[in-house]
Q: 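Let me give you the structure first, and then I'll get to my questions.
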There are 2 protein chains.
Amino acid sequence: MSSKVTIHEVARMSGVSIKTVSRVLNREPNVKIDTRTRVQEAVAALNYRPNISARSLAGSKAYLIGVFFDNPSPAYVTDVQLGAIARCREEGYHLIVEPIDSEGDVAAQIEPMLSTLRMDGVILTPPVCDNPTVLAVLEAEGVPYVRLSPDQDLDRSAHVRMDDVRAAYEMTAHLIALGHTDIGFIKGHPDHGASHLRYEGYVQAMTEHGHAVRESHVEQGYFSFRSGFEAAERLLAGDDRPTAVFASNDDMALGVMAVANRLRLNVPETLSVAGFDDTPGAKVVWPQLTTVRQPIQAMAAAAADLLLGGATRVEGEAPPSRLLDFELVVRESTGPAR
Amino acid sequence: MSSKVTIHEVARMSGVSIKTVSRVLNREPNVKIDTRTRVQEAVAALNYRPNISARSLAGSKAYLIGVFFDNPSPAYVTDVQLGAIARCREEGYHLIVEPIDSEGDVAAQIEPMLSTLRMDGVILTPPVCDNPTVLAVLEAEGVPYVRLSPDQDLDRSAHVRMDDVRAAYEMTAHLIALGHTDIGFIKGHPDHGASHLRYEGYVQAMTEHGHAVRESHVEQGYFSFRSGFEAAERLLAGDDRPTAVFASNDDMALGVMAVANRLRLNVPETLSVAGFDDTPGAKVVWPQLTTVRQPIQAMAAAAADLLLGGATRVEGEAPPSRLLDFELVVRESTGPAR
DNA sequence: GCTCGCCTTGACAAGGCTGTCATGGCTTAT
DNA sequence: ATAAGCCATGACAGCCTTGTCAAGGCGAGC
């Protein structure tokens, strides 16, 4: 059983009042330097830790940041948590994770926990970050939130994004630099904002380099392995097939690889394949997938930072936001055009 | 801004004392049925939610359950969270996730948060569940914990496991039933308890069915794609290769599939491949992987249940534990022996 | 030398809830 | 009928910290 040291004992040991200890703990100004030192020594000596419940009951902070997600890829969720925690720990905050079932009654799920926990802020991952009900409840409860890679309504709240257009542009440019001119593309789920942005980057790169975007070499996918597989079957069927395929996420790219394997098309000698996201699966195929890495942990850390006072919203101005850099991860699935 | 209804107003509205409202909220006995009803109506009418900070400050419960993990597979972490939350929500508990860096000073990481948060219990995932320092700190702080799939020291604490031996046995039996007699095996990381158990199940099934375990067809792996890939290269090199390979996790099985592809061995016509874990990757290959599914969410829910009073430890007896059932997931990567 | 105002500190209340104990009414045993 | 006991409820203290406000000390300006 831990000894449960209270602020009282720290105060007694350092010969000051409780309030002064509190001041030191909260890094408040107006404490003489040696008083501060004395208190800090006592804290260390007694191994004192403030009780978070008492703190949040008395004060206004709860020292809790929420992370809401709904069935996104596990790797994404984990990365978000790691990134957010890294920043939170510095300030003594903790992370509450809450899966949201977007199909169900969203308000009923989040309203109770918001009023019970009184969190200091919430990080919203896609697709929850674009759920109007969620945003409305959060605003009604007055809980600050930051959205990760939001799709729409960018000016509605603070957010953190990556430049999908430029990333897709650069991946396409990479293929073009390898000598490819006929590059197939598999679009993502039409409901996902990133889909359009990535397609836009692809088109932009093709056009700027003077290559035609061939309608028949652009397929609709839905971000799933299966949809990538099926799109690839159409794309790679005849002899008039592209020499490279850029799938707008890794799962679909993996589908392309599977089809290529079946058709005995060597990757990357006969066909280059590129993905997007750098999921764990990208390294669990042979050859390993060339893809785009989103700095998810960094994005989550930035989100936490915005919440923890990295930025105060100025009335009348657009809410604070951050745009982070992606990284092109060139592995073995792309090579020179045959 | 939310209106912050307090217990006081509920009491006034229902014409009882604060304490009685508290009794109703905590499902305490000795409240007349119609009093209870009246209070519940007031709670609903006012949309009252108890303040968790006040509750835990006054009482002994914190309404928080921690989940500690250290760099396991993302899919695993996510499943654990989902499973645990499902159970926690029923009781109004919330989940605090805390990544642990086992390489660093573990005590320094968890001791502060334990004394600050005073969680009601902690769920430990592998490999943290076998970290002696973590267990020691938890015990010193008097925080109850449940381990998921612990490796050693089973009687030290409550835990939840799956029967790895039997699962491996059944997978092997499945291959044998398909007519395979020469079944290769790739072992997992020797530091992982599950590795030995799975190998044991394989040996047991082979032996019981009268098939020899050929030394040369058992390879050491380390649970990684790469190690599976390399093991498969050795296993499938000559003409005297097994007709089926059972890799003791999915990542390694994926490595086997990649090698098979390179060698132009058709799966499953020429070679059957089986994995273990049913990771997302299992469905993102073609053909999809036959594997064993661990009921991770159910295991986590069981762990939460043990923590939330599903079982009280009786002094002198072994701590409570649960053994859950696995599921054989037969997909396309296994077929009749040629 | 005196006033003003800032720096430093402390006393005290408040925050919303649960634990403890006391109360009165009613049932059961004697 | 009386004692004993249980049930239903309430009054009040206390959980540990922060916010508010007041007070004392001290240097600066007049």
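Just so we're on the same page: letters track the sequence lines, and every chain starts at 1.
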Q: Please work out if B:Leu25 contacts a base, only the sugar-phosphate, or nothing of the nucleic acid, heavy-atom cut-off 4.0 Å.
A: nothing
Q: What is the distance from NE2 of B:His8 to P of C:dC17, rounded to the nearest Å?
A: 11 Å
Q: Would you compute the distance between atom CE of A:Met299 and atom CD of A:Gln294 and round it to the nearest 0.5 angstrom?
A: 5.5 Å
Q: Can you measure B:Lys4 atom NZ to C:dC17 atom C1' for me and round it to whole angstrom units?
A: 14 Å
Q: Under 4.0 Å, counting only non-hydrogen atoms across every strand here, what does B:Lys32 touch: a base, just sugar-phosphate, or nothing?
A: sugar-phosphate
Q: Validate the cation-pi geometry between A:Arg55 and A:Tyr63: distance from NZ or CZ to the six-membered ring centre under 6.0 Å, angle to the ring axis within 45°.
A: yes
Q: Check B:Arg89 with A:Glu98, please: is the shortest side-chain N to carboxylate O separation under 4.0 Å?
A: yes
Q: With the side chain of A:Ser17 defined as its heavy atoms from C-beta on, choose the nearest nucleotide among C:dG10, C:dG19, C:dC17.
A: C:dG10
Q: Could you tell me whether A:Asn30 contacts a base, only the sugar-phosphate backbone, or nothing, with contacts defined as non-hydrogen atoms closer than 4.0 Å?
A: base
Q: 5' to 3' on DNA chain D, which nucleotides open and close the contacts with chain B (atom under 4.0 Å from a heavy atom)?
A: D:dA8 to D:dC16
Q: If you assign each of B:Pro29 and B:Leu57 to its closest nucleotide in DNA chain D, which residue comes earlier from the 5' end?
A: B:Pro29
Q: I need the residues from residues 34-44 of chain A with at least one non-hydrogen atom less than 4.0 Å from DNA chain C; give them sorted by number, or say none.
A: A:Thr35
Q: How is B:Tyr48 classified with respect to the nucleic acid when contacts are heavy atoms under 4.0 Å: base, sugar-phosphate, or nothing?
A: sugar-phosphate
Q: What I want to check is whether the side chains of A:Ser157 and A:Arg147 have a donor and an acceptor closer together than 3.5 Å.
A: yes
Q: Atom NZ of A:Lys19 and atom P of C:dA11: how far apart are they, to the nearest Å?
A: 13 Å
Q: Any donor-acceptor pair under 3.5 Å joining the side chain of A:Arg23 to the base of C:dG10?
A: yes
